[in-house]
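Naming convention: chains lettered A, B, ... in sequence-line order (proteins, then strands); numbering from 1 in each chain.
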Amino acid sequence: MRTVAIVGGSLAGLRTAETLRKDGFDGVIHFIGEETHPPYDRLPLSKELLSGKLPQENISLVSDENFAALELQLHLGVRAVGFDAASKLVSLETGEEVAADGVCLATGARPRQLGDDNPQGVYVLRTLEDCLALKAEFAVQPRRVVVVGAGFIGAEVAATARGYGLEVTMVELLEVPLSRVLGEKMGQVMADIHLEQGVDLRVGVGVEGLNSKADGRVGSVKLTDGVEIPADVVVVGIGVIPNTEWLEGSGLTLENGIVCDETLLAAPGVVAAGDVARWPNRRFGEMMRVEHWDNAIEQGIAAARRLMAGPGQERPFEPVPWFWSDQYDRKLQLAGIPSPQGEVEVVTGSLEERRFAALYEKDGKVSGVLGMNRPRHVMKYRQLIVDGVGWDDALEFASTQG
Amino acid sequence: MAYKVIVDYDLCESNAICMQVAPEVFEVRDDDFLYLLNETPGEEHRGRMEEAVNRCPKQAISLEDL
Ligand SMILES: Cc1cc2nc3c(=O)[nH]c(=O)nc-3n(C[C@H](O)[C@H](O)[C@H](O)COP(=O)(O)OP(=O)(O)OC[C@H]3O[C@@H](n4cnc5c(N)ncnc54)[C@H](O)[C@@H]3O)c2cc1C
Ligand code: SF4
């Protein structure tokens, strides 16, 4: 293999490039990314950058020096508009074509929008520009903020907005926020935290439409129950859509992401990684597309290795996914695949003190771990999933962990 | 070249991710603070130390050549 093209210049793409170089690949690497910035971290966009705690210079994912040392052929600020899996030819919006022997697709995901034609003052949060615009809004007081969607990103934005002392209403379609992921009991814990922090939480209700004022800015949010909530700023956090449109007609299978085999191969010489990749995770026996930071890293590393693997060296990618979310002074960590319908047991600390670790059961085994301000325990209990430990043994182990 | 592991404790939030990567070097204890068990783990550990650097979501770990 002499030439590799990486499409998508963010977390997964960067870790792919780094791994190729670290493992000794000295051919040409084309690094194609629509954003003009060198790879930066999205984590602080809803947290410390939005709150102003972290300066913008500190969100880079790689130092200038280390980035230069990768000797990449950079195509930043350039969108890929087409791909042919058979010839491995990537077409760029500039009309240029990039030929490669190996390709890693890491184009991530973009936020789902509320509608096509929104008034001013309505935001989604995915890019640095989104964050800076929202931050500028938050700095102008007083502002009434409506957050649509109480998922992780929405909840983080709500928490950060409360930190600015803004009035926050959070609207959620489900009766209990996050219940599809965490189950009702744990979802309610999250809901209570927002209520205690003064968020006006409206559950079991959707958004009917947005009303604008005479100056073209948003004025209120109309809910499906007829209630109208005044709003100066609206932040929409209703999930993401994998960026696969540019791959239509490429010969790849696209179905809620780029469909790969268990080793992350999407076609011969073509791999995918990060938020855009969907693959069968053997450990859990199901197709997964994971939208987490650490997965983008692990998958980027695995995809690079898969690209370089000789016959017989292919390895299945079967991680125990995990992620975290920071809201107010609480850090939520989730490992594995919680079974919202199954048993859930608090094994360390208590819900009342808001500092606990809980295990989820599925088919007689531990399938997931949820922690609140219990990082050490979460990492220990995650190992129970890795090791496939039975439910009773896991409870026994947890009882010795203090 | 020998190197040293450095943790910026102002950035570190004790999420124990480095401990997952290299428990013999990083340990988050009951007091929820991160302890560095070995500042100079040696060449044979360099790969995993680099992994810890990349995995830390706070970019709190760095390696310094001695
Ligand atoms: C505000 C925010 C907070 C988050 N907080 C957490 C958290 O606390 N914990 C956690 O685990 N995860 C968190 N995440 C999720 C995490 O950031 C993502 O999982 C991660 O960014 C995925 O990386 P990626 O490289 O796969 O995709 P992305 O980061 O989406 O990068 C894809 C890149 O590809 C580019 N691209 C897309 N299409 C094209 C094209 N056709 N041509 C060229 N380039 C293209 C995009 O512009 C983008 O730069 C958060 C995400 C956001 C937005
Ligand atoms: S991974 Fe980083 S933030 Fe987490 S405990 Fe280690 S040094 Fe601290």
Side-chain angles (χ1 to χ4, degrees), chain A residues 11 14-19 21-23 39-44 47-48 53-55 57-63 66 292-298 300-301 319-320 322-326 329-333 335 348-349 355 357 371 373-383 386 401-402, chain B:
Chain A
L11 185 57
L14 173 67
R15 297 307 182 219
T16 304
E18 286 176 343
T19 306
R21 288 300 186 224
K22 205 164 115 194
D23 289 0
Y40 64 90
D41 204 356
R42 293 185 207 287
L43 297 180
K47 311 176 181 77
E48 301 96 326
K53 229 177 100 188
L54 192 76
E57 309 83 83
N58 291 18
I59 70 162
S60 172
L61 278 171
V62 56
S63 70
N66 290 348
H292 303 159
W293 196 84
D294 193 67
N295 179 70
I297 296 179
E298 268 210 58
I301 295 171
V320 173
W322 72 270
F323 92 107
W324 72 97
S325 174
D326 298 332
D329 60 347
R330 298 291 99 176
K331 173 175 294 293
L332 196 75
Q333 287 174 304
T348 304
R355 185 159 177 264
N373 290 28
R374 287 282 183 188
R376 197 171 56 89
H377 288 89
V378 170
M379 288 301 150
K380 278 214 169 130
Y381 298 154
R382 175 177 183 259
Q383 193 62 35
V386 175
Q401 294 302 303
Chain B
M1 206 192 299
Y3 67 96
K4 190 175 151 191
V5 180
I6 297 172
V7 173
D8 183 337
Y9 290 96
D10 287 336
L11 294 176
C12 172
E13 56 169 11
S14 298
N15 54 30
I17 288 146
C18 49
M19 180 167 110
Q20 181 92 6
V21 177
E24 72 283 7
V25 174
F26 304 99
E27 184 176 295
V28 175
R29 296 201 187 138
D30 284 336
D31 59 7
D32 273 342
F33 283 109
L34 171 68
Y35 292 83
L36 205 48
L37 304 181
N38 184 353
E39 283 195 337
T40 51
E43 230 21 73
E44 69 276 20
H45 290 277
R46 192 188 275 268
R48 290 201 303 142
M49 290 308 113
E50 283 170 354
E51 192 183 337
V53 170
N54 274 344
R55 282 294 173 84
C56 170
K58 293 286 156 178
Q59 308 192 26
I61 311 173
S62 55
L63 306 182
E64 192 183 272
D65 287 327
L66 290 178

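- Proximity to chain B (any heavy atom under 4.5 Å) is shown, for A:L61, by both the backbone and the side chain.
- Only the backbone of A:S60 comes within contact range of chain B, judged by heavy atoms closer than 4.5 Å.
- Ring-plane geometry between A:F323 and A:H292 is classed as parallel, the angle between the planes falling under 30 degrees on a 0 to 90 degree scale with a further cut at 60.
- For chain B, no part of A:R374 is nearby; none of its heavy atoms comes within less than 4.5 Å.
- Heavy atoms closer than 4.5 Å to chain A are found in the side chain of B:E50, but not in its backbone.
- B:P23 does not touch chain A: none of its heavy atoms, backbone or side chain, sits under 4.5 Å away.
- Not a single donor-acceptor pair under 3.5 Å links the side chain of A:R15 to the backbone N or O of A:A296.
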> Where do B:E43 and B:R46 land on the salt bridge (charged side-chain N to carboxylate O under 4.0 Å, His left out) test, with the steps shown first?
Replying inline: CA-CA 5 Å; B:E43 230 21 73; B:R46 192 188 275 268; 2.8 Å; yes

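- Chosen from A:Q383, A:K331, A:H377, the residue pairing most often with chain B at heavy-atom distances under 4.5 Å is A:K331.
- A donor-acceptor pair is defined here as one N or O able to donate and one able to accept, closer than 3.5 Å; such a pair exists between the side chain of B:S14 and the backbone of B:D32.
- Side-chain N or O atoms of B:R48 include one that pairs as donor or acceptor with a backbone N or O of B:V21 at under 3.5 Å.
- Ranked by heavy-atom pairs under 4.5 Å with chain B, the list A:D294, A:D326, A:L43, A:N373 is led by A:D294.
- Formation of a donor-acceptor pair under 3.5 Å by the B:T40 side chain with backbone atoms of B:G42 is not found in this model.
- When the candidates B:E27, B:E13, B:E51 are compared by the number of heavy-atom contacts under 4.5 Å with chain A, B:E13 comes out ahead.
- Within 6.0 Å of CZ in B:F33 there are 12 or fewer heavy atoms belonging to other residues, nucleotides or ligands.
- Both the backbone and the side chain of B:N54 come within contact range of chain A, judged by heavy atoms closer than 4.5 Å.
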